Engineer: 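Please find one structure pasted underneath; my questions will follow.
In this chain, numbering begins with 1 at the start of the sequence shown. The analysis underlying the following values was restricted to heavy atoms, covering all of them including side chains, and did not include hydrogens, waters or symmetry mates. Note that this is a predicted model, so its numbers are computed, not measured.
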Amino acid sequence: MEASLVQTISSIGLLGLTAILAWYTRILAAEARKTREMYKQPLVVVTIEPGSKESLYMNLVIENVGMGLARNIRIQAEPDFEVIASSPNATFNNYTFLKLDVLKPGQAVTHSLGTFKDLKEIRAVVVSRYDDIDGKTHLFSSFLDATVFRGLAYTSPTHEQKLIKSISAIEEHLKKISKMTDTCNRTSS
């Protein structure tokens, strides 16, 4: 009798442990499915960035930072704003490059929007609408604010300032060469 009681208790314990392991396996399978879905999803982000250190041109960057292929991409700003560098009365939402067929993971498209002075008042929410490979539509909102680059307009030297600095450096170098030439001429005489 004692042996059958031990077997019964052991069987009940094993049944409970099996149920706990089955429940935990189900949770792990759901998490694995979510992870697989996440790796298929694209994430299209829109930002503005300075063109280079030497210029005050601003670039619009549309980039797929997600792990999946983005298809049928459409970008729209709210509120729409005028782009001074383009033709008169041109607005951001009328740009044709805001409609893209495909962006691979890690791929970016860059387009110049003009100089900082043309964009300094831009503050808009930009919505990216795109589909993943399963045809599911995704939305992502970015906030464009060109005022964050305001310091560039005051700290970046102009081309004229760079030219003046280069000419001054050349003049200093020529003075040193002239002194060395004078010294060599005196010692050889």
Engineer: Transitively linked via ILVMFWY side-chain contacts under 4.5 Å: Phe143 with Leu139?
Structural biologist: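 Looking at the clustering, Leu139 is in the same group as Phe143.
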Engineer: Can you tell me how far the CG atom of Leu15 sits from the CD1 atom of Ile20, to the nearest 0.5 Å?
Structural biologist: 10.0 Å
Engineer: Quick one: do Leu144 and Leu43 end up in the same hydrophobic cluster if we chain Ile, Leu, Val, Met, Phe, Trp and Tyr together by side-chain heavy atoms under 4.5 Å apart?
Structural biologist: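 Same hydrophobic cluster.
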Engineer: Return the OG1 to CE distance between Thr35 and Met67, rounded to the nearest 0.5 Å.
Structural biologist: 11.5 Å
Engineer: Verify the neighbour count for atom CG of Asp134: are there more than 12 heavy atoms of other residues, nucleotides or ligands below 6.0 Å?
Structural biologist: yes
Engineer: Which pair of non-hydrogen atoms, one from Gly66 and one from Pro105, has the smallest distance, and what is that distance?
Structural biologist: O-CB, 3.4 Å
Engineer: Give a yes or no answer on whether the side chain of Asp80 reaches the backbone of Asn93 with a donor-acceptor pair at less than 3.5 Å.
Structural biologist: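 Yes: the side chain of Asp80 pairs with the backbone of Asn93.
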Engineer: On a heavy-atom basis, which atom in Asp132 and which in Pro42 lie closest, and how many Å separate them?
Structural biologist: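 Heavy-atom minimum between the residues: CB-CD, 3.5 Å.
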Engineer: Any chain of hydrophobic side-chain contacts (each under 4.5 Å) joining Ile75 to Phe97?
Structural biologist: yes
Engineer: Answer yes if Ile73 and Val127 sit in the same cluster of Ile, Leu, Val, Met, Phe, Trp and Tyr residues linked by side chain heavy atoms under 4.5 Å apart, and no otherwise.
Structural biologist: no
Engineer: Would a single hydrophobic cluster contain both Ile133 and Val102, if residues Ile, Leu, Val, Met, Phe, Trp and Tyr are joined by side-chain heavy-atom contacts under 4.5 Å?
Structural biologist: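 Result: yes, single cluster for both.
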Engineer: For the CG atom of Asn59 and the NE2 atom of His111, what is their distance to the nearest 0.5 Å?
Structural biologist: 9.0 Å
Engineer: Just so I know, are the side chains of Lys104 and Leu69 near enough to count as touching, which here means a heavy-atom distance under 4.5 Å?
Structural biologist: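 They are in side-chain contact.
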Engineer: Atom CZ of residue position Arg74 - does it have more than 12 heavy atoms of other residues, nucleotides or ligands inside 6.0 Å?
Structural biologist: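 Counting other residues, nucleotides and ligands, CZ of Arg74 exceeds 12 neighbours.
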Engineer: Would you compute the distance between atom CD of Gln7 and atom CD1 of Ile12 and round it to the nearest 0.5 angstrom?
Structural biologist: 12.0 Å
Engineer: Do the rings of His138 and Tyr130 sit parallel, tilted or perpendicular, given the 30° and 60° boundaries?
Structural biologist: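 The arrangement is parallel - the two ring planes meet at less than 30°.
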Engineer: What is the distance from atom NZ of Lys99 to atom CD of Gln76, rounded to the nearest 0.5 Å?
Structural biologist: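 CD of Gln76 is found 8.0 Å from NZ of Lys99.
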Engineer: Where does the angle between the aromatic ring planes of Tyr95 and Phe92 fall among parallel (under 30°), tilted (30 to 60°) and perpendicular (over 60°)?
Structural biologist: perpendicular
Engineer: Using the test ring-ring contact (aromatic ring centres under 6.0 Å, His included), find all partners of Phe140 that sit at least two apart in sequence or belong to another chain.
Structural biologist: none
Engineer: Knowing that exactly one of Leu98, Val45, Val126 qualifies, which makes a side chain to side chain contact (heavy atoms under 4.5 Å, CB included) with Ile62?
Structural biologist: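 Per the side chain to side chain contact (heavy atoms under 4.5 Å, CB included) rule, the option paired with Ile62 is Leu98, out of Leu98, Val45, Val126.
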Engineer: Taking atom CD of Glu49 and atom OG1 of Thr47, what is their separation to the nearest 0.5 Å?
Structural biologist: 4.0 Å
